[in-house]
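A short write-up of the structure that comes next.
One-based numbering along the sequence shown.
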Amino acid sequence: MPVAIITGASKGLGRALAEALAGRGWDLVVDARSAGPLEDAARELRAAGQGAGRGAGARVVALPGDVADAGHRAALVAAAGELGGLDLLVNNASVLGAEPLVRLADHPLDGLRTALEVNVVAPLGLIQEAMPLLCMSSYLPSYEEFSSHGERAFHGGGDENGAAYDSHPYTENARNAGLSDSHPYIGTGGVILNISSDAAVEAYPTWGGYGAAKAALDQQSAVLAVEEPGLRVWWVDPGDMRTDLYAAAVPDEDASGRPLPGTVVPALLRLLDGAAPSGRYTAASVAAAPGGVSGR
């Protein structure tokens with residue numbers, strides 16, 4: 001069965017995505033900083049795996065720890081190897097850098113350093129550790145299977161601002177690498193999914209520190225997609241969500257009307273099912289993409 005590592009999986013979007021994958025029969029390695037909530041989540045994930053008709057349920061390895069710790073990152077990848085490999089790496093764990101958020105003139109520099117360490121450096125460290133397993137993954141379809149139908153659903157869509165959206169704007173140099181010059185090269189190894197934010201591309205007051213870290217993650221993802229054409233690299237803005245992170249960012253705001261994280265999961269699964277090419281996506285644009293998605 002396919003194997004995924006999901007960081008920050010005790011709650012929010014990480015937990016919702018983990019539950020969906022467990023329900024599909026995926027084996028999971030999940031982490032969070034707090035052991036108690038993580039183990040509670042792991043029990044529910046195993047139950048979700050049982051619902052997938054796998055008898056004993058999905059194999060779920062829960063490892064509490066901090067993604068900024070190199071030893072913890074190595075343990076996550078080692079656990080995936082023991083489950084049989086790694087097909088999907090989800091860098092979801094994130095910190096704000098200041099709680100509540102403040103203007104840049106007042107932003108603590110130590111907080112910004114922490115945000116960069118957790119939101120940018122740690123994902124790259126985990127990717128580096130996981131690269132050998134990701135390169136050996138054969139979960140996604142071959143180029144021939146994919147090119148006939150999977151990619152078309154992701155062209156011609158628009159982002160939330162209505163502009164034409166190129167699903168892989170940073171991979172021009174990766175195209176035609178070792179294949180016919182008539183088609184883009186599409187990786188057939190594993191997938192790296194980095195959770196971004198609209199704060200990476202929009203100038204929201206008080207979101208400067210967090211947004212700067214997410215913008216760095218976006219650029220890092222874009223370069224990685226060019227450097228590693230054998231993998232699929234997706235950096236995804238999930239849009240507005242009702243999460244503990246948002247509540248900590250803006251504690252005085254009523255977030256009751258914001259969508260729950262589970263509403264974003266179908267868009268992420270659509271990327272996976274359609275074997276989408278590397279690129280930056282918004283959950284809204286993926287959900288609105290015309291036509292079916294069937295890359296497998």
Side-chain angles (χ1 to χ4, degrees), residues 1-28 30 41 44-45 47-54 58 60 87-94 139-141 146 149-162 165-168 190-198 200 221 232-246 255-296:
M1 300 304 295
V3 178
I5 293 174
I6 304 178
T7 66
S10 66
K11 55 189 176 182
L13 180 59
R15 180 166 177 169
L17 177 59
E19 185 173 347
L21 292 177
R24 290 177 164 213
W26 283 63
D27 293 326
L28 302 172
V30 293
E44 293 195 10
L45 295 176
Q50 287 181 330
R54 294 195 59 210
V60 178
D87 304 290
L88 171 64
L89 170 58
V90 183
N91 283 307
N92 171 69
S94 187
Y139 172 74
L140 289 176
F146 169 71
H149 41 241
E151 187 178 5
R152 289 197 301 268
F154 295 96
H155 289 303
D159 63 15
E160 66 272 24
N161 296 318
Y165 188 75
D166 180 356
S167 63
H168 47 314
V191 173
I192 297 165
L193 169 58
N194 291 328
I195 301 301
S196 184
S197 168
D198 57 345
S221 302
R232 285 177 172 86
V233 183
W234 305 327
W235 49 114
V236 177
D237 167 15
D240 291 342
M241 295 186 295
R242 191 192 321 169
T243 62
D244 288 353
L245 188 78
Y246 188 82
S256 60
R258 297 172 70 87
L260 291 172
T263 62
V264 176
V265 170
L268 301 181
L269 295 179
R270 197 172 193 220
L271 288 175
L272 189 63
D273 292 342
S278 292
R280 189 181 199 276
Y281 295 89
T282 67
S285 68
V286 173
V293 180
S294 56
R296 286 185 60 78

**Message:** Looking at every heavy atom in both Leu272 and Tyr139, which two are closest together, and how far apart are they?
**Reply:** CD1-CE2, 4.1 Å

**Request:** Return the minimal non-hydrogen interatomic distance between Ala267 and Val286, and the atom names on each side.
**Result:** O-CG1, 3.4 Å

**Prompt:** Under 3.5 Å, side chain of Thr7 to main-chain N/O of Ala93, donor-acceptor pair present?
**Reply:** yes

**Message:** Let me confirm one number: the CG-CG distance from Leu13 to Leu245, rounded to the nearest 0.5 Å.
**Reply:** 11.0 Å

**Message:** With a 4.5 Å cut-off on side-chain heavy atoms, are Tyr281 and Leu193 touching?
**Reply:** no

**Message:** For the backbone of Ser196 and the side chain of Asp237, can you confirm whether one donor and one acceptor N or O come within less than 3.5 Å of each other?
**Reply:** no

**Message:** Can a donor-acceptor pair be found, under 3.5 Å and without considering hydrogens, that links the side chain of Trp234 to the backbone of Ala276?
**Reply:** yes

**Message:** Checking the side chain of Arg242 only, and the main-chain atoms of Leu260 only, is there a donor and an acceptor separated by less than 3.5 Å?
**Reply:** no

**Prompt:** So, for Thr263 and Pro266, which heavy atoms are closest and what is the spacing to 0.1 Å?
**Reply:** O-CD, 3.5 Å

**Asked** Okay, side chain of Arg258, backbone of Tyr246: is any donor-acceptor separation there less than 3.5 Å?
**Response** no

Side-chain donor-acceptor pairs of residues 15-23 under 3.5 Å, sequence neighbours excluded:
| residue | atom | partner | partner atom | Å |
| --- | --- | --- | --- | --- |
| Arg15 | NH1 | Ser10 | O | 3.2 |
| Arg15 | NH2 | Glu44 | OE1 | 2.8 |
| Arg15 | NH2 | Glu44 | OE2 | 3.1 |

**Gap between atom CD1 of Ile5 and atom CD1 of Ile192 - 0.5 Å precision** = 11.0 Å

**Request:** Mind checking the CG-CG spacing from Leu268 to Asp273? Nearest 0.5 Å is all I need.
**Result:** 11.0 Å

**Request:** For Ala283 and Val264, work out which heavy atoms get closest and say how close.
**Result:** CB-CG1, 3.8 Å

**Fill in**
Note: Gly12 and Pro261 closest approach over all heavy atoms is C-CB, 3.6 Å

**Message:** Among residues at least two apart in sequence or on other chains, which ones pass side-chain hydrogen bond (donor to acceptor under 3.5 Å, both in side chains) with Asn194?
**Reply:** Asn91, Ser221

**Prompt:** Under 4.5 Å between any side-chain heavy atoms of Leu88 and Pro2, yes or no?
**Reply:** no

**Request:** Kindly indicate whether the side chain of Arg232, heavy atoms from C-beta on, has any atom under 4.5 Å from the side chain of Leu271.
**Result:** no

